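As structure tokens, the structure follows; a few thoughts come after it.
First the proteins, then the strands, lettered A, B, ... as listed; each starts at 1. If you're wondering where the values come from, they're calculated on a predicted model, not measured in any experiment.
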Number of protein chains: 2
Amino acid sequence: MSNQKKRTSEIRKSMPLLPIGTVIQLTDLTARQIRYYEEHDLIRPHRTEGNQRMFSLNDVDQLLEIKDLLEQGLNIAGIKKVFEMKKEENEHNKIGKELSEDKIRSILREEMKIAQSRLQKPSLRYGDVNRLYQ
Amino acid sequence: MSNQKKRTSEIRKSMPLLPIGTVIQLTDLTARQIRYYEEHDLIRPHRTEGNQRMFSLNDVDQLLEIKDLLEQGLNIAGIKKVFEMKKEENEHNKIGKELSEDKIRSILREEMKIAQSRLQKPSLRYGDVNRLYQ
DNA sequence: TACTGATGTTAGGTTTTCTAACATGACATT
DNA sequence: AATGTCATGTTAGAAAACCTAACATCAGTA
């Protein structure tokens, strides 16, 4: 890999570089949805001086995860809980391991009553980022 | 590294994700400069439907290289030649090696007459991307 | 039936970006 | 010294993108 390529590939994934329009394309969410999730503290995009939202790649990841969990039937509260637990995990486990599948399943069980009746919409899954590749 | 992080880290560096405002911050170039370089075919950013420029990380790299070469005294024509030669190199050498230091020096010699009198402005160098890290 | 949660839609205002034109300042040429 | 060129600054007016706030919708729940 060339030197200059190596350099920008190291850009921190937490840098707020992307306007909402780009994020809409990357996630297939609507502006309304993205703003709604922010309103409920599921994401916290930066703001420019002019108050425009600016998202990092980590924010995009987070949004894709929100989308995925919603499609699995969780509601906002459930997703918030999942993120809280993930954060705790990251704080306690210096290893930086992911929220275990077991815990995810436990959350899912809690949410089952709510989720039971929801339709499983056929759409892009969390992790299906082929869209990101030209 | 988590799965979702791995996913977006694979986003192609050629994807046009960044508006010019972000690029201005990343490169410390002015909008005028960036547009001028485009006018002279040193970069070719994508356009949205609404005709707004959208830049990839590779474009940012290219702009940083332009900036660096300008500071070394090259003019637009010289930079264009450097890029042409780089492209040839990449086409002929499947190994994908960089333009050799020898060839760069040869270009620099050609440009010396022009460059001789220019001031070496003290400023950020090509490769100094600490600015990119929060 | 009435309520809630997630999202759609619209309106009006602000920020960002666009092109095009003219200005400037350093350097080169005559 | 006068003129030309190159890279960049500056400005104006228009268009695109984004903002908040409010009201609408619609499925699922009580």
Side-chain angles (χ1 to χ4, degrees), chain A residues 16-55 59 63 66-81 111-121 123, chain B residues 16-55 59 63 66-81 111-121 123:
Chain A
L17 301 173
L18 315 174
I20 198 168
T22 296
V23 175
I24 287 170
Q25 288 184 198
L26 291 178
T27 61
D28 262 10
L29 294 166
T30 66
R32 183 68 170 93
Q33 288 176 300
I34 294 168
R35 293 180 188 131
Y36 183 75
Y37 304 151
E38 179 188 18
E39 199 176 340
H40 290 269
D41 288 319
L42 294 182
I43 43 168
R44 297 190 155 283
H46 276 229
R47 296 289 182 133
T48 66
E49 281 192 7
N51 200 37
Q52 311 284 110
R53 269 168 269 254
M54 290 298 281
F55 299 79
D59 290 330
L63 285 169
I66 291 168
K67 194 184 176 186
D68 186 50
L69 292 173
L70 277 171
E71 282 165 3
Q72 290 181 36
L74 295 236
N75 63 10
I76 301 290
I79 295 171
K80 203 176 294 187
K81 185 72 85 180
E111 292 291 333
M112 262 316 177
K113 310 148 198 167
I114 294 162
Q116 271 172 342
S117 51
R118 293 201 190 182
L119 278 183
Q120 195 84 357
K121 293 191 192 153
S123 121
Chain B
L17 301 173
L18 315 174
I20 198 170
T22 297
V23 175
I24 288 170
Q25 288 184 198
L26 291 179
T27 61
D28 262 10
L29 293 167
T30 66
R32 184 68 171 91
Q33 287 175 301
I34 294 168
R35 294 182 188 129
Y36 183 75
Y37 305 151
E38 179 187 18
E39 199 177 338
H40 290 267
D41 287 318
L42 294 183
I43 43 168
R44 298 189 156 282
H46 275 229
R47 296 290 184 132
T48 65
E49 279 192 8
N51 200 37
Q52 311 283 111
R53 271 168 269 252
M54 290 298 280
F55 299 79
D59 290 330
L63 284 169
I66 291 169
K67 193 183 178 188
D68 185 50
L69 292 172
L70 278 171
E71 282 165 4
Q72 289 179 37
L74 295 238
N75 61 14
I76 301 291
I79 296 172
K80 203 177 294 189
K81 185 70 86 181
E111 293 290 335
M112 263 315 178
K113 309 146 197 166
I114 295 164
Q116 270 172 345
S117 50
R118 296 205 186 178
L119 279 183
Q120 194 84 358
K121 292 189 193 157
S123 115

> D:dA7 P sits how many Å from B:L74 CG, rounded?
Replying inline: 11 Å
> How long is the gap from CD on A:Q33 to CD1 on A:I66, to the nearest 0.5 Å?
Replying inline: 10.5 Å
> Can you name the residues that form a side-chain hydrogen bond (donor to acceptor under 3.5 Å, both in side chains) with A:Q52, not counting sequence neighbours?
Replying inline: none
> Can you tell me how far P of C:dA6 sits from CG of A:L70, to the nearest Å?
Replying inline: 7 Å
> side-chain hydrogen bond (donor to acceptor under 3.5 Å, both in side chains) with A:T48: which residues, sequence neighbours excluded?
Replying inline: none
>> Checking B:R53 now: which residues fulfil salt bridge (charged side-chain N to carboxylate O under 4.0 Å, His left out) with it, not counting sequence neighbours?
In response: B:E38
> How long is the line joining OH of A:Y37 and C1' of C:dG8, in whole Å?
Replying inline: 13 Å
> For the residue pair B:L17 and A:L26, what are the closest heavy atoms and their distance?
Replying inline: CD2-CD2, 3.9 Å
>> How close do B:L70 and B:Y37 get, counting heavy atoms only, and between which atoms?
In response: CD1-OH, 3.1 Å
> How long is the line joining CG of A:D28 and P of C:dT7, in whole Å?
Replying inline: 14 Å
> Can you tell me how far C1' of C:dT7 sits from NE2 of A:H40, to the nearest Å?
Replying inline: 11 Å
> Please give, in whole Å, the distance from D:dC6 C1' to B:Q33 CD?
Replying inline: 13 Å
> Rounded to whole angstrom units, what separation is found between the NZ atom of A:K80 and the P atom of C:dG5?
Replying inline: 11 Å
> For every nucleotide of nucleotides 16-23 of chain D, 5' to 3': is a protein heavy atom under 4.0 Å from its base (B), only from its sugar-phosphate (S), or from neither (-)?
Replying inline: SSSBB---
> Once you round it to whole Å, what is the distance between C1' of D:dA7 and CD1 of B:I66?
Replying inline: 13 Å
> Does B:Y36 have a side-chain nitrogen or oxygen under 4.0 Å from the phosphate oxygens OP1 or OP2 of D:dA7?
Replying inline: yes
